[in-house]
Amino acid sequence: MKRIDLSNDVLNLGAFGGRLFVGSGVLGLVLLAVAWGLGGSGSQDAFMKSWLFAFLVAVAVSLGALFFVMLQHLVKAGWSVTVRRLAEGIAANLSWVWILFIPIAWYVYSGNGGGLFPWADADAVAHDHLLHEKAPYLNTGFWLIRAFVFFIVWALLARFYFGQSRSQDATGDVSCTNRMQRFAPVAMILYAITQTFASYDWLMSLQPKWFSTMFGVYFFAMCLTGFFSCLIVLIWFLQRSGRMVEAITREHVHDLGKLLFAFGVVFWAYIAYSQYMLIWYANLPIETSWFFPRHLGEWYWVSIILIWGHFLLPFVLLVSRWTKRWQGPMVLIAAWMICIFLIDVYWVVMPVVPEAAIAAATSYDQLAADVDSGAVSIGWSLNAVDFLLPVGMLSLLLSGTMFNLRRCSLVPVSDPRLDESLAFENY
Amino acid sequence: MSHQTPERAWGYAAEFTTPAAITAAAKKVAGAGYRWWDCHTPFPVHGLDTAMGVKPTILPIIVFFGGLTGTMLAIFLQVFTNSLQVDLWAIVPVIGYQFEVSGKPLISGPAFIPVLFELTVLLSALTTVGAMLLLNGLPMFYHPVLKSPKLARITDDRFFLVIESRDPEFADEKTRAFLESLDPVSVVELES
């Protein structure tokens with residue numbers, strides 16, 4: 001069994017972290033400001049929708065990280081100790097990411113939310129029986145309270161795990177590990193509930209008449225795709241800067257590759273397909289309405305790109321052992337998965353079901369022709385804002401991660417399972 | 001009827017007390033060019049495979065084709081039963097059970113995928129188990145290593161490295177001396 005000595009490894013960010021915090025933070029803010037400037041000229045609804053898309057990208061990556069940290073404690077994993085601190089750092093962004101939600105919350109609170117969430121339009125609710133029946137759950141006040149609860153729960157969980165883990169660095173106290181493990185099952189249940197309802201509130205209720213019990217799980221698959229690919233790229237980036245070169249071995253990247261393959265590729269496809277097949281088979285108008293715009297116009301091609309880019313291609317690339325153990329290609333695949341993750345979130349958030357046009361249509365073919373000719377809009381409005389906002393928010397996420405990790409070791413140096421993680425090998 | 005067994009030993013077993021000792025010894029045996037030899041340990045020893053120079057198994061390739069057979073079988077089964085209509089040798093009419101379900105086409109991809117997935121998994125799993133047994137020569141009801149009472153501690157706290165006499169490099173005294181040079185606790189001669 002090989003034993004790795006960490007004494008020669010650089011395990012802190014130092015001035016590099018500070019520079020990256022400022023640089024990436026400023027870049028993020030500038031990108032958001034530019035997007036705000038560009039978006040101001042167009043419709044406010046369209047801008048807020050792009051903002052929601054970008055916000056969900058940032059929140060999904062952080063939530064994936066939080067899940068990963070809790071999972072390691074739930075199963076008492078030994079292999080992951082050296083990569084866990086980075087995940088804790090990303091998850092700790094959940095304590096400020098609510099700031100990015102304020103514009104959306106304000107937009108809905110001030111009564112303009114109808115263009116985003118049809119249930120927030122008082123007129124529509126008054127005239128639509130189904131929306132009216134759903135109003136006890138889908139109303140502005142309760143929706144805001146729920147969002148508040150989600151952010152509190154996530155911030156507390158993330159701070160708890162990050163805080164305990166860091167205080168163990170100094171003291172080496174095993175009771176920190178015990179505490180984190182004991183709390184993990186409860187934390188996991190809290191996470192599952194909040195994450196599921198957040199996906200209902202922010203994604204599914206964009207089309208309030210549609211429902212899918214699989215949707216929370218689909219969002220979960222999105223979170224993990226985003227997180228694992230970001231983590232692999234972040235590790236590559238830190239190792240290129242000369243940090244954690246000994247601490248994170250090929251074995252850890254191999255395992256993260258397995259997790260990306262399992263959750264980001266196979267599980268995602270399994271969930272996406274399960275949701276699709278049941279709806280396709282039953283063929284009920286209220287259920288198929290969600291896939292309706294995604295089958296038409298440009299969205300059709302985005303759907304095809306997702307099948308190939310999110311499942312078939314990465315499946316072939318990642319199924320073998322040797323690609324996951326070869327860091328260069330692995331980082332390229334992870335970078336590809338970040339792009340496809342962005343497309344996936346975009347594909348879930350942006351398409352619009354034109355209710356009036358559906359009601360007026362005499363046939364599916366006629367409606368499809370109207371969409372093709374541009375007479376009916378199904379929410380395709382790709383523009384610079386849709387690129388600037390997610391990149392800006394991911395920059396802020398990187399900046400926040402650097403800020404979180406600026407003073408602590410990049411590896412939980414006193415974790416009782418650190419030796420196990422360093423000596424870990426895949427057989 | 002008298003039956004003369006050959007005097008030649010089935011092999012020699014060298015006894016070690018630690019995983020590190022047998023791993024170091026395994027490296028030397030692999031370096032000496034032996035092929036018919038093995039290590040017997042009470043638990044999986046990490047790094048022993050590499051030290052022995054064990055080549056990666058071809059099992060994944062076999063499993064790939066097993067899985068592919070499952071996929072093909074599922075496609076064939078569903079397309080055949082749902083929609084096929086042929087005259088076998090122009091005499092026997094074969095007609096699938098062409099039953100339209102909720103207005104879907106007879107051959108509809110999304111409905112076929114679950115069966116396709118399950119049959120792929122099933123045949124992959126069966127191939128994995130079956131090919132693993134075949135490649136390992138299992139089931140095996142007798143093995144000389146299990147005969148010697150001196151080797152009983154394989155299942156407890158001893159590590160044995162066994163070189164078989166069928167190895168082309170095997171030479172009775174030379175091999176024994178070689179094993180003794182590896183610094184074992186003892187060297188045991190094995191009967192077939």
Side-chain angles (χ1 to χ4, degrees), chain A residues 1-4 78-79 214 249-251 254-255 258 261-262 265-285 287-288 291 294-295 303-304 306-308 311-312 315-325 363-364 419-427, chain B residues 16 18-24 26-27 39 41 43-68 70-71 74 78 82 99-118 120-121 124-125 128 132 159:
Chain A
M1 206 179 289
K2 63 182 181 204
R3 175 74 179 78
I4 295 167
W79 72 270
M214 203 55 127
T249 65
R250 167 188 292 194
E251 310 293 335
H254 181 189
D255 265 21
K258 286 182 207 165
F261 176 70
V265 179
V266 180
F267 182 69
W268 175 87
Y270 179 67
I271 296 305
Y273 177 71
S274 305
Q275 178 170 278
Y276 177 80
M277 192 202 66
L278 290 178
I279 291 171
W280 170 84
Y281 215 103
N283 206 13
L284 302 174
E287 290 183 351
T288 51
F291 286 105
R294 289 164 182 83
H295 261 289
S303 308
I304 298 294
L306 280 179
I307 295 173
W308 283 90
F311 177 60
L312 295 172
F315 183 89
V316 173
L317 291 177
L318 285 176
V319 75
S320 293
R321 176 185 165 97
W322 58 274
T323 45
K324 290 183 292 247
R325 293 177 71 82
S363 74
Y364 176 86
D419 282 353
E420 188 186 339
S421 180
L422 289 174
F424 158 70
E425 279 179 67
N426 280 298
Y427 288 100
Chain B
F16 298 92
T18 63
I22 197 172
T23 309
K27 258 183 208 140
C39 293
T41 59
F43 51 81
V45 174
H46 285 182
L48 190 57
D49 286 8
T50 342
M52 290 173 69
V54 176
K55 288 196 193 77
T57 167
I58 59 157
L59 192 59
I61 294 159
I62 301 173
V63 172
F64 173 76
F65 285 104
L68 202 62
T71 317
Q78 293 180 98
N82 279 297
F99 192 73
E100 206 178 277
V101 181
S102 62
K104 303 283 192 289
L106 289 171
I107 299 177
S108 15
F112 288 0
I113 287 181
V115 177
L116 198 140
F117 171 73
E118 299 296 348
T120 308
V121 172
S124 304
T128 312
M132 182 275 290
F159 304 80

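Proteins get letters first, then strands, A, B, ... in listed order; numbering begins at 1 in each.
Annotation: side chain to side chain donor-acceptor pair (under 3.5 Å) contacts of A:E287 (sequence neighbours excluded): none. For the ring-ring contact (aromatic ring centres under 6.0 Å, His included) test, no residue two or more places apart in sequence or in another chain qualifies with B:F16. In this structure, the side chain to side chain donor-acceptor pair (under 3.5 Å) partners of A:R325, at least two apart in sequence or on a different chain, are A:E251, A:H254.
Using a 4.5 Å heavy-atom cutoff, the side chains of B:F43 and B:V45 are in contact. You'll find the side chain of B:V115 stays beyond 4.5 Å of the side chain of B:E118, heavy atoms only.
Scanning residues 268-281 of chain A against chain B with a 4.5 Å heavy-atom cutoff picks out A:Y273, A:Y276, A:M277, A:W280, A:Y281, ordered by number.
Summarising the geometry, atom CD1 belonging to B:I113 is positioned 11.5 Å from atom OG1 belonging to B:T71; distances are rounded to the nearest 0.5 Å.
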